[in-house]
Amino acid sequence: MGQSASASAQNPVLVLGDAQPNPPVDNSVDTAAGNRGRKRRRSDSDDDSDDTPEDIRHFLDTPSKKRVKSTSRYIYDTLFLKGTGSDVTIFALEKEWNLHRVYLCQADYFASMFTGPWQESSLNRISIDIVDENITVEALQVVFGSLYCEVVKLAPSNVVGVLAAASMFQLSGLVDEVKNFMLETVSSETVCTYCLAADLYGLVAVEKRMEDWLLLNLLQPTSGAALFQHLRPDLLKCLLTNRNLFVLQVEMDIYSILKQWLYIQVHEDNFCEQGKLLTTAETYFRDQAKGDADGRSFLETEAGEEYVELFRALRLQHVLCDLYSCQLVERDAIIPKSWLSSAYRQQWMTALASEQATDNTLHNVHSDSFYKNAMRYGRILLTENEYCWRWVGYTFGIDMVVSYRHGRITLRRNASKYPCSRSIHLQPDHREISVRARLCWEQKDDDGPGTVVKSIDGGPLSFYLRPDEEATVLAVPTETVSYPLYLSFHACFIGELPAPTVN
């Protein structure tokens, strides 16, 4: 995620044995392209003498079909753009359109108006009050024009307005076209706008697709300012608390994303290059703290009050799980010191419990408590290859080594097989571990446009492992998945104390 994007930025994933082969080189020759422009050599058999008089007469007598100008284009230019033969004028947003009732009746809105017992049914000039701010003159031009032409020109800049106008005039066919366009053009620049529009105008399938896209891509390095500028606080909080959020590496990455998003919110008019957003945000918040006479964190200032609830979605006890992360969060001075003190106490008490407590029963893996308190991890598996890695951070004496081999994702309680630079608990002989592994990938939608996010979920599992014992946490149907694969991991190693209180 860029340098110091999180605690994992320096050593995000300790790779034990990745094999990353070079991509194959395509040395094949495109024969179609290679032969383009070459004339076929005329053979001896290609002689004009083969053409009989009857063949020539048949050729001369056969009419040739040449389209000079399409009927639909003529209708659009003559009837819509020029208004020739108009029998009704539509006035909206300070602009007039000279149109035709027979074409307007394709929209249920006008069909009802012209055929019902309404005053407008006999008027030659109709004024329409547009109350939806998303509807613009450009959108009305597209929508009215769609009644005269089969081709509709859509772009990310006008698609929401067209959707709003098509919904108002009850043009279900055009709404479907807009829906397909959104699914085909979703990106970090458009996803938030599309998600909001889908919610406003009842496009349930589009809203679900946008949410799936955000859950998979929010923490990707390609997101950045383009996405953060349009990401509303309420939507962001819903994503951060969703159990299907793909955490790219570790919990610290969520804090890093929040920090960049927060900077964008308080500097809406300042452009910042993608690669410099993180360091710029860090510098800004540290300078703010140094200049505060009362030594307050940003969230304790008037400018930061509205973002307090959003930062409560952070699992601070898992952000502050290595020395670098603790130092970074304290230097940023975004989070109140009282929150950090509570999280430090939480981690210390949990560490003591792992050493001394006799009852280390884990959370019920089917309870909300498991999903609220589990450590969240993630990894991208780029190709069908063998992988072996561990995530950074304090894991209460468990050296968790994860592998992907032969369509199986396994978890090993490492004790001696792989070298480890941190302390490892060999007691108790059986250690309970609760995990949930979920694998996602994107593929073309067989039933419509764009791509869909597919997933398989191993479900929450709880099992005991001896030192150096390994367990399979997810079986991967290699014949159906598409790479890259996005692996999400929830893990609990000890019956944790209640989450820290952040007042």
Side-chain angles (χ1 to χ4, degrees), residues 69-185 190 193-210 447-450:
K69 188 173 183 179
S70 70
T71 303
S72 62
R73 187 65 197 179
Y74 175 82
I75 292 173
Y76 183 82
D77 291 344
T78 306
L79 301 185
F80 177 65
L81 294 182
K82 296 179 181 179
T84 302
S86 169
D87 58 0
V88 63
T89 298
I90 302 298
F91 179 77
L93 298 179
E94 305 301 320
K95 179 177 172 59
E96 289 185 344
W97 284 268
N98 297 317
L99 304 175
H100 308 78
R101 292 172 183 267
V102 66
Y103 284 96
L104 288 175
C105 281
Q106 296 174 83
D108 291 344
Y109 177 93
F110 289 108
S112 175
M113 175 186 292
F114 294 149
T115 59
W118 312 107
Q119 179 182 1
E120 291 83 357
S121 62
S122 59
L123 295 179
N124 294 326
R125 189 177 189 276
I126 299 172
S127 296
I128 298 178
D129 186 22
I130 304 293
V131 296
D132 190 336
E133 295 180 355
N134 287 325
I135 300 178
T136 63
V137 170
E138 179 190 3
L140 291 178
Q141 183 77 5
V142 172
V143 170
F144 291 148
S146 72
L147 302 174
Y148 292 79
C149 184
E150 297 176 352
V151 180
V152 179
K153 293 183 179 180
L154 297 174
S157 59
N158 72 5
V159 69
V160 174
V162 173
L163 172 61
S167 299
M168 175 181 175
F169 295 123
Q170 302 169 45
L171 280 164
S172 58
L174 183 54
V175 170
D176 288 340
E177 288 297 320
V178 169
K179 178 181 70 174
N180 292 339
F181 179 84
M182 286 181 166
L183 296 178
E184 291 172 347
T185 58
T190 61
T193 303
Y194 290 176
C195 191
L196 178 60
D199 180 45
L200 285 174
Y201 302 107
L203 301 184
V204 178
V206 173
E207 186 177 11
K208 177 64 168 57
R209 190 81 66 86
M210 298 303 115
D447 300 321

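Just so it is clear, the model here is predicted, and its values are computed rather than measured. As a basis for the values below, the full set of heavy atoms in this structure was taken, side chains included, without hydrogen atoms, waters or symmetry mates.
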Peer 1: For the pair F144 and F169, name the ring-plane relationship: parallel under 30°, tilted 30 to 60°, perpendicular over 60°.
Peer 2: tilted

Peer 1: For the residue pair D108 and S112, establish whether any side-chain heavy-atom pair is separated by less than 4.5 Å.
Peer 2: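 Of all side-chain heavy-atom pairs linking S112 with D108, none is under 4.5 Å.
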
Peer 1: Heavy-atom distance under 4.5 Å between the side chains of K208 and L203, does that happen here?
Peer 2: no

Peer 1: Within the structure provided, determine whether V152 and E177 are in side-chain contact (heavy-atom separation under 4.5 Å).
Peer 2: no

Peer 1: So K179 and V175, do their side chains get closer than 4.5 Å, heavy atoms only?
Peer 2: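 Not touching, per the 4.5 Å side-chain cut-off.
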
Peer 1: Could you measure the distance from the CZ atom of F91 to the CG atom of N98? Nearest 0.5 Å is fine.
Peer 2: 12.5 Å

Peer 1: About how many Å separate CG of L79 and SG of C149, when rounded to the nearest 0.5 Å?
Peer 2: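 It comes to 11.5 Å.
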
Peer 1: Atom CD of Q119 and atom CD1 of I126: how far apart are they, to the nearest 0.5 Å?
Peer 2: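 Between Q119 CD and I126 CD1, I get 9.5 Å after rounding to 0.5 Å.
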
Peer 1: So do F110 and R101 actually touch side chain to side chain, heavy atoms under 4.5 Å?
Peer 2: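 Heavy-atom side-chain distance check fails, nothing below 4.5 Å.
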
Peer 1: For I128 versus Y109, what's the shortest heavy-atom pair and its separation?
Peer 2: CG2-OH, 3.9 Å

Peer 1: Looking only at heavy atoms, what is the nearest atom pair of L99 and S86, with distance?
Peer 2: O-OG, 2.7 Å

Peer 1: Restricting to non-hydrogen atoms, name the atom on L93 and the atom on T136 that form the minimum distance, rounded to 0.1 Å.
Peer 2: CD1-C, 3.6 Å

Peer 1: Tell me which one of I135, D132, V131 satisfies side chain to side chain contact (heavy atoms under 4.5 Å, CB included) with M168.
Peer 2: I135

Peer 1: The test is side chain to side chain contact (heavy atoms under 4.5 Å, CB included); show your working for V178 and Y194 and say whether it passes.
Peer 2: CA-CA 10 Å; V178 169; Y194 290 176; over 6 Å; no

Peer 1: Can you check whether F80 reaches I75 side chain to side chain, under 4.5 Å on heavy atoms?
Peer 2: no

Peer 1: Is the backbone of P156 close enough, under 3.5 Å, to the side chain of T185 for a donor and an acceptor to pair up by distance?
Peer 2: no

Peer 1: Closest heavy-atom contact between D87 and N124?
Peer 2: O-OD1, 3.8 Å

Peer 1: Could you pull out the closest heavy-atom pair between M113 and S121, with the gap in Å?
Peer 2: O-CB, 3.4 Å

Peer 1: Going from CZ on F114 to OG on S122, what distance comes out if it is rounded to the nearest 0.5 angstrom?
Peer 2: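 Interatomic distance, F114 CZ to S122 OG, rounded to 0.5 Å: 10.5 Å.
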
Peer 1: Indicate yes or no: at least one non-hydrogen side-chain atom of Y148 is less than 4.5 angstrom from one of H100.
Peer 2: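 They are in contact (side-chain heavy atoms under 4.5 Å apart), so the answer is yes.
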
Peer 1: Provide the closest heavy-atom pair for E207 versus A198 in the form atom of the first, atom of the second, distance.
Peer 2: N-CB, 3.6 Å

Peer 1: Check whether any side-chain heavy atom of L147 lies under 4.5 Å from a side-chain heavy atom of L171, and answer yes or no.
Peer 2: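 Yes, close enough: below the 4.5 Å cut-off.
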
Peer 1: Taking it one step at a time, do R125 and E96 satisfy side chain to side chain contact (heavy atoms under 4.5 Å, CB included)?
Peer 2: CA-CA 9 Å; R125 189 177 189 276; E96 289 185 344; 2.8 Å; yes

Peer 1: About how many Å separate OG1 of T190 and CD of E184, when rounded to the nearest 0.5 Å?
Peer 2: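 OG1 of T190 is found 12.0 Å from CD of E184.
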
Peer 1: Working to the nearest 0.5 angstrom, can you tell me the gap between I90 CD1 and L140 CG?
Peer 2: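 Reported value, rounded in 0.5 Å steps: 10.5 Å.
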
